Amino acid sequence: MSFRDGSPVRVEVGAIEAALEELWATDAQQDEPVVRARAATLIFCTRGRREAGAVWPPPPGSLAGLQGTIDQVMRRYPGRVIGLFLGEEAHGPLEAWVSARCHLGLGGHVCGEQVTVAGSGDVTALAGLVAALRPPDLPTFLWWDAPLTRGHDLLHALADKAHEVIVDSGRPDATPGALAHVSALIRQMKEATVSDLSWARAAPWRELVAQFFDPEAATPVLASLDAADLVYRGATGWACAVLLAGWLAAQLRWEPAGSPPGHAPGEAAARRADGAPVRLQLVPGGDGPDGIHAVRLTAGRDAAFAVEFEPATGCAALTTRLPGRGARHRAVSLTPPTEGDLLCAQLAAAARDRIFESAVEAARGLEIPPPG
Amino acid sequence: MNPLREGLQSEPLPDPCAVVIFGGSGDLAHRKLIPALYQLACRRRLPAQFAVVGYARTKMTTAAFRETVRMGLKLDRNSPLWRSFSEALHYCAGPYDRPDGFRKLDRLLKRLQEARGAGRNQVFYLATPPESAGPIAEQVAGLRRRAIWGGDGWSRLVVEKPFGHDRASAEALDRTLAASFREEQIYRIDHYLGKDTVQNILVFRFANGIFEPLWNRRYVDHVQIAVAESLGVEGRGAYYEGAGALRDMIQNHLMQLLCLVAMEPPVARDERSIRNEKHKVLQAVRPIPRDAVCRSAARGQYGPGAIGGVAVPGYRQEERVNPASATDTYAALRLEIDNWRWAGVPFYLRSGKRLPKRVSEISVQFKLAPHPLFADDPGSDLEPNVLALRIQPDEGIRLTFGAKTPGTGTVIRPVSMEFRYGTAFGTEVPEAYERLLLDCMRGDASLFARSDWVAKAWEIVTPVLEAWQSETPEEFPNYAAGSWGPESARRLIEADGRRWRAL
């Protein structure tokens, strides 16, 4: 068994770099050399993630889903991953492991490395440890895989010198107030950009909705939209739907008209630029995975646009109806992205997204009542 | 402007349009063009108002055409993606040179406009033999003028290489096309330009500050551009007999690569600025006088040999090839660019069939250090630095430099620093035709050749073509399939004290 096989090796917390160098040096004596590649650094901090049968803190690799996500990102962006698995106690011993993360690329094995630190520790100690382990001169991404309601000190400390902070307002354990925390984070971060995996989940939906209005004949209909129905499933779907509603409001300059008493969860009212009312409705529904299942827009009786996800086929059915024309249909591929796909998309984008920030603020302004 | 488009990473969709593929029953349509369009449709890159019309002389129904496409794409007929795409596919049989077929086409486009909103804007793709280009262009122009349903909208004509047979025929083709289309409507496709790795040449040169100061005659010794194929003519002997390596590869693909390597930074990223700079490179290429062809060019033809351990016949034994053929399956050129940046730096271009492996590469070889500090150290291997841009396969960039080997002495060996697309980004490189078709539909001609560039490229190779045509190559075949080409090519570069890179 050699280091490149990926098995975690327990090391002293204070001697992680030295241990890594020694392990690689030993591995280098193998007949077949590997390519140690570094394109980016990913720091992830996870707290509260549970997988069936897992103990906490989990030994490296025991959270197969999470490790699969990390490995997917490493294949696109090989480098060093620093993972913090935080326990619940205020202080406790830290344990560390290192492992090679190799995949078979052109010309042989392409390897990054993963440093896993598990346990509890004060913010200063953890942040200092990460700062020492972070390679210089490479973009650093911090993935906060934990609820946004706690641990902000650590998040801010880890975000120092990070290029981007990635959160997820659509985590299965997210509270309805998660978007407010995202908004606060955007304001607080001085240098790092903030991105939200829920926004990345919404990207293909935004693209498909935008496409409806690319043709010259359809663009003017945007000003006449008077209803938007978003069908979602689960907390992940809710967060995505809220951001989509905020995106429509921000880009189309809809002003919130408040949610009067008696409005059901998911309902909100807005006003178009011309003062006419717009009805927004987020409706639970759909079979299959959590996420968005349909977006339906109407402009009076004459124009309608719909994207309907079909989980069984991984396709979306698109329907356009414009005044004086029959309905047009087409199907496109719409495979729900994996967590790794979403992270890779964020690493690829890596720039401040003002459209996202506008959507967050507009979504908060709509004050859409969450489901009970 | 669609406000929902703001901030999206994907480009806007092209206008609703119909892509009419002349040669719609042929190999290019089914192997490259229609699969590229299918991928674009699946990946949400095409508008709902979109149609593909295959037009050819072969009689076929639309249903049969769709079924042929489906089988070629190996799709389940019940797949929703296939069902959606197939509704956009149509077929029209007719001649290329008579109006009756084009009247049928016109009626079909009208129906497509009514049914799908896809007939008004048109891309006419000439996937046909070169001699059909002129007649088709005339008929298409007539169709547009007569459009029975009064269709307006834009139309674009995509022409595949070769653009003519020589300078005179290229200019004649241009005049024929110009009689029916404006230059900005004509898209001369060179699929090499659609490759991510070729586009990366401009990014590499002009998005990084460290290489451009070295990219000139002070530091560069010479540049080699190689496009090697291991395949033979693969049943296209009839076409290749009239083409040869110089026409088929060097006049277009390699000249494009030469321009990307040698051009000045454009003032902007628009198509006009980029194409202007590429044209300036060709304008600066020193003409090859007729009596200098033997010193500036080498040709070859493969004989029997072996590729990958498997015996293969020689070119003259290939199907539909003249047993006494004088066609070059290998060509090499030595060019000089007379401008401030490149004066005195030779550019060596080579391309051939039935070489040991398929590889396309640009290598920039730098001059040795001016003062050889380590020349006397025993065992030191002082090689010049080489920057190699690998176009295919194994796409990437490699920089070779000398490093001291561990130990008490100073022994220097070459080492490589390498970026590989597949390793660094871990994603598949998109198909070139997808990019080019989408750009044409969107009206972006940056990656297409302009008429003046084509004319200039012909002007450069014409003396070589004329010299070769006037002299029978008694030595053909002069390299074995599976070898790296003829001796004459080796002598061409070694006369300058240099040698071909091992690929």
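Predicted, not measured: the structure shown is a model, and the values here were computed from it.
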S.K.: Measuring heavy-atom distances to chain B, does A/T313 have an atom under 4.5 Å in its side chain, in its backbone, in both, or in neither?
M.R.: side chain
S.K.: Is the shortest side-chain N to carboxylate O distance from B/E184 to B/R156 below 4.0 Å?
M.R.: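 Salt bridge absent between B/E184 and B/R156.
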S.K.: Which one, A/H329, A/E310, A/R206, leads in non-hydrogen pairs under 4.5 Å with chain B?
M.R.: A/R206
S.K.: Taking 4.0 angstrom as the limit, do A/E308 and A/R296 come out as a salt bridge?
M.R.: yes
S.K.: Which region of A/P204, side chain (C-beta onward) or backbone (N, CA, C, O), has a non-hydrogen atom less than 4.5 Å from a non-hydrogen atom of chain B, or is it both or neither?
M.R.: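 Answer is both: backbone and side chain atoms of A/P204 are under 4.5 Å from chain B.
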S.K.: With a 4.5 angstrom heavy-atom cut-off, could you sort out which part of B/A115 is near chain A: side chain, backbone, both or neither?
M.R.: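 Backbone only.
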S.K.: Is it true that atom CG of A/D287 has more than 12 heavy atoms of other residues, nucleotides or ligands lying nearer than 6.0 Å?
M.R.: no
S.K.: Of the listed residues (B/P393, B/G7, B/P14, B/P3), which shares the most heavy-atom pairs with chain A below a 4.5 Å separation?
M.R.: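 Most heavy-atom pairs under 4.5 Å with chain A: B/P3.
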S.K.: Heavy atoms, side chains only, cut-off 4.5 Å: are A/T193 and A/D353 in contact?
M.R.: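 When only atoms from C-beta onward are counted, A/D353 and A/T193 do not touch, as no gap falls below 4.5 Å.
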S.K.: Between B/A48 and chain A, which part of the residue has a heavy atom less than 4.5 Å away: side chain, backbone, both or neither?
M.R.: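 Both the backbone and the side chain of B/A48 come within 4.5 Å of chain A.
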S.K.: Heavy-atom distance under 4.5 Å to chain A: side chain of B/E114, backbone, both or neither?
M.R.: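 Just its backbone gets close to chain A.
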S.K.: CG/B/L40 to CZ/B/F85 distance, rounded to the nearest 0.5 angstrom?
M.R.: 9.0 Å
S.K.: Side chain, backbone, both or neither: which part of A/L318 has a heavy atom under 4.5 Å from chain B?
M.R.: neither
S.K.: Looking at side-chain heavy atoms only, is the closest gap between A/P139 and A/F141 below 4.5 Å?
M.R.: yes
